[in-house]
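Inspection log for the structure reproduced underneath, given as structure tokens.
Counting starts at 1 for both ligands and their atoms, following the listed order.
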Amino acid sequence: MIIDPHQHFIRRTGLFLLLISAMGSAFVAWLHSQQGTPQTLDLVMSNGLAVALSVLFVWLLLRPASFLNVIWAAFLIALFAIAVPAWVYPIRAMHTPGMTLIDSLPPISSALMPLILTMIVFVRPRQVLVAASLAWVIVASPILSYLLMHPAELQSARGMDLAITLGPVMMIVLVYIPFHRGIDQWVATLQSDRAKLQKLAERDGLTGLYNRRASEHLLTNLVAAPDTNDALILFDIDHFKNINDTHGHPVGDEVLRQIARRCEALLRRDDVFARWGGEEFLLLVRNARGAPGEGVVRMAEVLRMGICATPIDPAGTVTASFGVALFHANDTLASWLQRADEALYAAKAEGRNRVVAK
Ligand code: GH3
Ligand code: MG
Ligand code: MG
């Protein structure tokens, strides 16, 4: 779907459209008021439209998310404002001796075109075919029928202008509906391709976790706005080489996948969990609760237990060693990561399958 009201250019276009249309209606109202004998219908419709479009302008200004509702409301109100004279004037001209349509009809044909174009641009392709065709039929049919029945008026300059604007020109405008539908589908395909590519670029193919590059990027952004409540948990599978050597590489791969799944199941949805290297994983913990370090150490213990509590067939019981590093006020990304690495090294040196915090 192309129309995303949070895109500034779309909202800006909607606001300008409403503002210019409201000003245009006010201008038409003023022109009507300058006529020798202004018609009440013309004054009511043009003034009413100016007020309604101004209200919709303010609505869109305050509620950007209501974009499509505002566009639909503007469409229906404007359609009403031009459909009523489109029917009233031909009927009046037919029943009033000496009255002609070409001399009495207000400038509604020029308003119909931007109205239909607005729908083509902003409304879902499936709905627009109905809305735009209906608007055209409602407004054009009484006027064109009248003109066909009154050839002298049709052959006048205004009559030909009306016939051409409401006939061939509107048909040309309607041709843009399938075009816009094609663009809409094309953009949807591009959007989904982009999402797939982004996933490929930032995820590790084996485990589906963030890859090193993506997690480094996230960490760099985080260090730009540091919080001493943030912590890193770095862990490495113990004697993983033995698993590969004993059971083969595919089993090693399965162990990596299983460990990723087990840990993910224990984490919060928005925790950043990455495959940092071959059999090394990194977890960024935000807002680590409790006394400094304690909440994170507890969390690392939960992960450690989650890995070793149940054997992974056919490798058997797998353990991992954990290094925990809280963010310090004067840390850089490198010094923070280095402390996590030193803590992990200490956990290995102290006998593995344990958590060490630094
Ligand atoms: P330690 O307890 O000291 O961590 O010992 P270790 O055997 O786990 O450590 P070492 O770094 O010596 O071995 C890591 C092994 O992980 C070596 C490498 O072949 C293996 N490895 C790295 N990436 C993958 C992978 O994607 N799949 C598999 N199956 N093995 C991998
Ligand atoms: Mg290892
Ligand atoms: Mg290692």
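In this structure a side-chain-to-backbone donor-acceptor pair under 3.5 Å is missing from W276 to L283.
Residue side and main chain included, D236 places an N/O/S atom under 2.8 Å of the Mg ion (ligand 2). The Mg ion (ligand 2) has an N, O or S atom of I237 closer than 2.8 Å.
Using a cutoff of 4.0 Å between basic side-chain nitrogens and carboxylate oxygens, R298 and E301 are not scored as salt-bridged. One finds a salt bridge joining E264 and R261 here, because a Lys/Arg side-chain nitrogen approaches an Asp/Glu carboxylate oxygen to under 4.0 Å. Under a 4.0 Å N-O distance rule, the pair E216/R213 does not qualify as a salt bridge.
Both the backbone and the side chain of D253 come within contact range of ligand 1, each with a heavy atom under 4.0 Å.
Shortest contact from atom 13 (O) of ligand 1 to any protein heavy atom: K241 CB, 3.9 Å. H239 N, 3.5 Å is the protein heavy atom nearest to atom 5 (O) of ligand 1. Among all non-hydrogen protein atoms, the one lying nearest atom 22 (C) of ligand 1 is G278 CA, 3.6 Å. Nearest protein heavy-atom contact of atom 26 (O) of ligand 1 is R275 NH2, 2.7 Å. Summary of contacts: the protein heavy atom closest to atom 30 (N) of ligand 1 is N244 ND2, 2.8 Å.
Using cut-offs of 30° and 60° for the angle between ring planes, the W72 and F75 rings count as perpendicular.
Counting only heavy atoms, the protein never gets under 4.0 Å from atom 17 (C) of ligand 1.
Annotation for I108 and L105: closest pair CD1-CD1, 3.9 Å, computed over non-hydrogen atoms. V356 and A346 make their closest contact through CG1-CB, 4.0 Å (heavy atoms, listed as atom of the first residue, atom of the second, distance).
When the Mg ion (ligand 2) is compared with the N/O/S atoms of E279, atom OE1 turns out nearest.
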